[in-house]
Colleague: 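Handing you this structure, nothing more for now.
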There are 2 protein chains.
Amino acid sequence: MGAAGRRNLPTSEELATWRAHVETFDIVRARIESRLHQDSKLSSGDYRVLLALSEADGSTVRSSELAAHIEWERSRLSGHLGRMEKRGLVRREPCAEDARGSRVLLTAEGARAFRASTVPHLQAIKEIFVDAFTPRQLADLDETAAAVRRHLDLDSPRPRSSDVPNSPTGETS
Amino acid sequence: MGAAGRRNLPTSEELATWRAHVETFDIVRARIESRLHQDSKLSSGDYRVLLALSEADGSTVRSSELAAHIEWERSRLSGHLGRMEKRGLVRREPCAEDARGSRVLLTAEGARAFRASTVPHLQAIKEIFVDAFTPRQLADLDETAAAVRRHLDLDSPRPRSSDVPNSPTGETS
DNA sequence: CACGGATGATTCACGTGTCAATCAACTGGT
DNA sequence: ACCAGTTGATTGACACGTGAATCATCCGTG
């Protein structure tokens, strides 16, 4: 065996697990997003923006707060809002308090689209993802995600400034 | 109450599991890809193409076979190869047997880049993904992926034509 | 109040993905 | 040999993501 001390490499089983995991959950995600798009003509990005906006007081948020809330880069949000604005889902207007900023607001059209999308979207998550598992497996999934977060130290760096007194049910996709 | 029979909706715990799963493994993937890019200036798409090519007989494949092998849309592969060609990783030349087709070949540069990338990439998968779990959890992950594939009927529609007698270790990312 | 540095937001260049359209070259049936 | 229909591959239009650059406004300090 010319094996000169193998380094920190995965076994082929571990590699297969990784690949299967990625491939499988990519398909799950694609199915859920495709259903959202069929049902409501919304992308998951649209959904996330509309969710945050509809939860906001007066259906309006400062653009940078929105970006922070959904954890997007500002330029990403900027571009996405541009597209959504063209479709009439949101509107942007200059901000009174701070002349640099802008204020994003939900249009009636956007609110309607979001309202119509939520139940089918949640159903899709249930049918495509949740229903694939036993309760035990769901608990295992929770635990594996938690294990990853511990492994990568993703839990400590949570405390955002002193903002966000009580985050009201932040949905994701 | 006004509750008119809730439909097939996930509980908030189930929804939280879904969101945590997506977010967490997005980060895992991003870290692995970011490391691949730092180490080797390759994207996961590049890696997948180079892997398939380096496994191919004579480091050359018909473009459409490549697309089928890695399960990409043909236009996606076309665009990706264009970019890779600009960077000198692959080359395309007209195909003798079929004047419509083209033949993709690995350049020395591409082979070198791929060779240099594999060990660090596999290490990253081990360190970032595999090492987060106990062996038991890894087995659970295999089983959850399998459960999804059964749930979505992803295993039956496998048989591709009569081609591909024995697929030789198709790596993914 | 003036100035320099932080901050809000957009823009640009580019990589990446999808789908429809295009176009040439192959194929089979007559 | 010819035409129709399929197939190999590219292209174009668009959605989406990242990072750097830009630009105006704000703010703390002298």
Side-chain angles (χ1 to χ4, degrees), chain A residues 22-23 26-27 29-31 33-34 36-38 40-49 60-87 89-105 160-161 163 173, chain B residues 23 26-27 29-31 33-34 36-38 40-49 60-87 89-105 161 163 173:
Chain A
V22 170
E23 273 175 35
D26 270 358
I27 293 171
R29 197 202 301 236
R31 294 246 181 142
E33 289 185 358
S34 141
L36 176 61
H37 196 267
Q38 288 179 325
S40 317
K41 298 295 197 175
L42 296 177
S43 71
S44 63
D46 298 336
Y47 188 86
R48 190 148 171 170
V49 168
T60 176
V61 206
R62 285 290 301 276
S63 179
S64 82
E65 285 170 26
L66 181 50
H69 184 56
I70 64 183
E71 298 183 278
W72 279 12
E73 298 239 345
R74 330 190 71 285
S75 70
R76 175 181 180 185
L77 180 59
S78 193
H80 207 98
L81 288 177
R83 268 170 268 134
M84 290 180 75
E85 198 165 22
K86 258 192 290 192
R87 293 190 289 148
L89 298 170
V90 301
R91 214 149 38 76
R92 273 180 295 193
E93 55 184 37
C95 182
E97 312 93 304
D98 186 335
R100 292 168 301 189
S102 56
R103 183 160 282 291
V104 187
L105 36 153
R160 291 225 164 277
S161 201
D163 212 48
S173 101
Chain B
E23 273 175 37
D26 270 357
I27 293 171
R29 196 203 301 235
R31 294 245 182 144
E33 289 185 358
S34 141
L36 176 61
H37 195 266
Q38 288 180 326
S40 317
K41 299 296 199 174
L42 297 177
S43 69
S44 62
D46 299 335
Y47 188 86
R48 190 148 172 169
V49 168
T60 176
V61 207
R62 286 289 302 277
S63 179
S64 83
E65 285 170 25
L66 181 51
H69 184 57
I70 64 184
E71 298 183 275
W72 279 13
E73 299 238 344
R74 332 194 67 280
S75 70
R76 176 183 179 183
L77 180 59
S78 192
H80 207 98
L81 288 176
R83 269 171 267 134
M84 290 179 76
E85 198 165 22
K86 258 192 291 192
R87 294 191 289 149
L89 299 170
V90 300
R91 217 151 36 77
R92 273 179 295 192
E93 56 184 36
C95 183
E97 312 93 305
D98 186 336
R100 292 168 300 189
S102 55
R103 183 160 281 291
V104 186
L105 36 155
S161 200
D163 212 45
S173 102

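Keep in mind that what you see is a predicted model, and the values were worked out from it rather than measured. Just so it is clear: chains get the letters A, B, ... in the order the sequence lines come, proteins before strands, and each one is counted from 1. Side chains are part of it too, since the values below use all heavy atoms of this structure and drop only hydrogens, waters and symmetry mates.
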Colleague: So what does A:S78 hit on the nucleic acid, given a heavy-atom distance under 4.0 Å: a base, only sugar-phosphate, or nothing?
Modeller: base
Colleague: Report the distance from atom CE of B:M84 to atom C1' of D:dA9, rounded to the nearest whole Å.
Modeller: 17 Å
Colleague: Rounded to the nearest Å, what distance is computed from the CZ atom of residue A:R103 to the P atom of nucleotide C:dT10?
Modeller: 13 Å
Colleague: Nearest whole angstrom, please: distance from the C1' of D:dA15 to the CG of A:L89.
Modeller: 14 Å
Colleague: Nearest to the side chain of A:S102 - D:dA9, C:dG8, C:dT10?
Modeller: C:dT10
Colleague: Tell me, with the steps shown, if A:I70 and A:H80 meet side-chain contact (heavy atoms from CB on, under 4.5 Å).
Modeller: CA-CA 13 Å; A:I70 64 183; A:H80 207 98; over 6 Å; no
Colleague: From A:S43 OG over to A:K41 NZ, what is the distance, rounded to the nearest 0.5 angstrom?
Modeller: 12.5 Å
Colleague: State the NE2-OG distance between A:H37 and A:S44, to the nearest 0.5 angstrom.
Modeller: 10.5 Å
Colleague: Between P on C:dT18 and CG on A:D26, what's the gap in Å once rounded to a whole number?
Modeller: 11 Å
Colleague: Distance check, rounded to the nearest 0.5 Å: A:L105 atom CG versus A:E85 atom CD?
Modeller: 9.0 Å
Colleague: Tell me whether the OP1 or OP2 atom of D:dT7 has a side-chain N or O from B:R74 closer than 4.0 Å.
Modeller: no
Colleague: Send over the distance from A:E85 CD to C:dT11 P, rounded to a whole Å.
Modeller: 11 Å
Colleague: Measure the spacing between CZ of A:R48 and CG of A:D46 and express it to the nearest 0.5 Å.
Modeller: 13.0 Å
Colleague: Can you give one letter per nucleotide of nucleotides 16-28 of chain D, going 5' to 3': B for a protein heavy atom under 4.0 Å from the base, S for sugar-phosphate only, - for none?
Modeller: BSBBB---BBS--
Colleague: With sequence neighbours left out, what residues match B:R74 under salt bridge (Lys or Arg N to Asp or Glu O under 4.0 Å)?
Modeller: none
Colleague: Output a table of donor-acceptor pairs, distance under 3.5 Å, between side-chain atoms of residues 60-68 of chain B and any protein atom two or more places apart or on a different chain; print 'none' if there are none.
Modeller:
residue: B:T60; atom: OG1; partner: B:R103; partner atom: NH1; Å: 3.3
residue: B:T60; atom: OG1; partner: B:V104; partner atom: O; Å: 3.0

Colleague: Could you state the atom-to-atom distance from CG of B:L77 to C1' of C:dG15 in whole Å?
Modeller: 15 Å
Colleague: Can you measure B:E93 atom CD to D:dA9 atom P for me and round it to whole angstrom units?
Modeller: 13 Å
Colleague: Tell me: NE2 of A:H37 to C1' of D:dC14, nearest whole Å?
Modeller: 11 Å
Colleague: Please confirm whether the shortest side-chain N or O distance from A:R92 to OP1 or OP2 of C:dT10 is below 4.0 Å.
Modeller: yes
